[in-house]
Amino acid sequence: MAEEQRASVVKALFVRLTAQDGKGDEVEAFLRDGLAAVMEEEDTTTWYALRFGDHDFAIFDTFPHNSGRLAHLAGKVGRALVMRTPELLEGMPKIEHGHVLAYKLLNDSGQVPE
């Protein structure tokens with residue numbers, strides 16, 4: 001357990017987003033603008049905003065512990081996403097919680113205990 005507490009990457013979120021017709025560029029801009037807010041989050045180890053096509057987007061992020069993950073969900077980007085969902089997205093974001101098994105970061109990598 002002490003090893004898990006030291007790991008910077010233990011918990012993860014994978015969020016799928018589907019843009020409404022004609023809103024893909026607005027979703028992209030929203031995600032790009034979200035980086036500034038995420039940079040303020042001490043317990044967000046990594047954050048990636050991804051675009052797969054005209055309508056398909058995702059966010060993948062990692063955290064050292066569950067409380068960091070919960071704080072991120074309640075943070076600026078999470079709140080803004082909930083508010084903008086009706087105007088930008090087809091349906092609600094699909095949020096999946098994960099446990100990181102192994103990771104590689106610059107100057108840091110390893111297996112994560114169960």
Side-chain angles (χ1 to χ4, degrees):
M1 189 64 142
E3 199 173 321
E4 180 176 337
Q5 290 172 339
R6 286 196 310 267
S8 61
V9 178
V10 176
K11 300 296 182 182
L13 288 173
F14 186 73
V15 182
R16 291 298 300 227
L17 310 167
T18 303
Q20 293 179 15
D21 285 338
K23 297 289 185 168
D25 290 342
E26 288 182 60
V27 173
E28 179 176 328
F30 172 84
L31 292 172
R32 287 181 180 276
D33 291 345
L35 178 61
V38 173
M39 293 297 289
E40 297 173 6
E41 298 175 357
E42 185 175 317
D43 287 332
T44 300
T45 305
T46 62
W47 185 83
Y48 301 90
L50 309 167
R51 185 171 190 166
F52 299 106
D54 291 340
H55 299 104
D56 298 322
F57 296 84
I59 300 168
F60 175 74
D61 31 25
T62 61
F63 312 90
H65 41 69
N66 197 49
S67 61
R69 179 168 58 185
L70 294 173
H72 173 73
L73 286 169
K76 291 178 183 177
V77 174
R79 290 191 316 266
L81 184 59
V82 168
M83 291 179 63
R84 304 236 13 230
T85 288
E87 73 177 271
L88 295 178
L89 303 180
E90 281 292 328
M92 295 300 292
K94 295 174 182 70
I95 301 172
E96 297 185 53
H97 295 244
H99 182 83
V100 176
L101 303 176
Y103 64 95
K104 179 195 177 287
L105 300 172
L106 187 60
N107 301 318
D108 187 19
S109 63
Q111 298 286 330
V112 177
E114 289 183 33

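- The closest side-chain heavy-atom distance from T46 to T44 is not below 4.5 Å.
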(message) For a side-chain hydrogen bond (donor to acceptor under 3.5 Å, both in side chains) check, start with the C-alpha distance between S8 and T45, then their side-chain angles and the critical distance, and finish with the verdict.
(response) CA-CA 6 Å; S8 61; T45 305; 4.9 Å; no

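- Counting heavy atoms from C-beta on, the side chains of K76 and V38 never come closer than 4.5 Å.
- When side chains are defined from C-beta on, V10 does not count as touching V100, because their heavy atoms never get closer than 4.5 Å.
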(request) Could you walk me through whether L35 and D33 pass the side-chain contact (heavy atoms from CB on, under 4.5 Å) test, one step at a time? (result) CA-CA 5 Å; L35 178 61; D33 291 345; over 6 Å; no

Atom pairs and distances, donor-acceptor, side-chain atoms in residues 85-95, under 3.5 Å, two or more places apart:
unit_1	atom_1	unit_2	atom_2	d
T85	OG1	L81	O	2.7
E87	OE1	R84	NH2	3.2
E87	OE2	R84	NE	3.4

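- Rounding to the nearest 0.5 angstrom, the gap separating the OH atom in Y48 from the CZ atom in F60 is 7.5 Å.
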Ignoring hydrogens and angles, write down the donor-acceptor pairs under 3.5 Å from the side chains of residues 65-72, residues two or more places apart or on other chains.
unit_1	atom_1	unit_2	atom_2	d
H65	ND1	S67	OG	2.8
H65	ND1	G68	N	3.1
N66	OD1	R69	NE	3.0
N66	OD1	R69	NH2	2.7
R69	NE	H97	ND1	3.4
R69	NH1	A12	O	3.0
R69	NH1	G98	O	3.0
H72	ND1	E41	OE1	2.5
H72	ND1	E41	OE2	3.3
H72	NE2	D61	OD2	2.7

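- Residues V77 and L31 fail the side-chain proximity criterion, which asks for heavy atoms closer than 4.5 Å.
- For the pair K23 and F30, the minimum side-chain heavy-atom distance is 4.5 Å or more.
- Here the closest non-hydrogen pair linking G24 and F57 is O-CZ, 3.2 Å.
- Taken together through direct or relayed side-chain contacts under 4.5 Å among Ile, Leu, Val, Met, Phe, Trp and Tyr, M39 and F63 form part of one hydrophobic cluster.
- For D25 and R51, the salt-bridge test passes: some basic side-chain N is under 4.0 Å from an acidic carboxylate O.
- Looking at heavy atoms from C-beta onward, W47 lies in side-chain contact with I59 at the 4.5 angstrom threshold.
- The CG atom of L50 sits 11.0 Å away from atom CD of E28, with the distance rounded to the nearest 0.5 Å.
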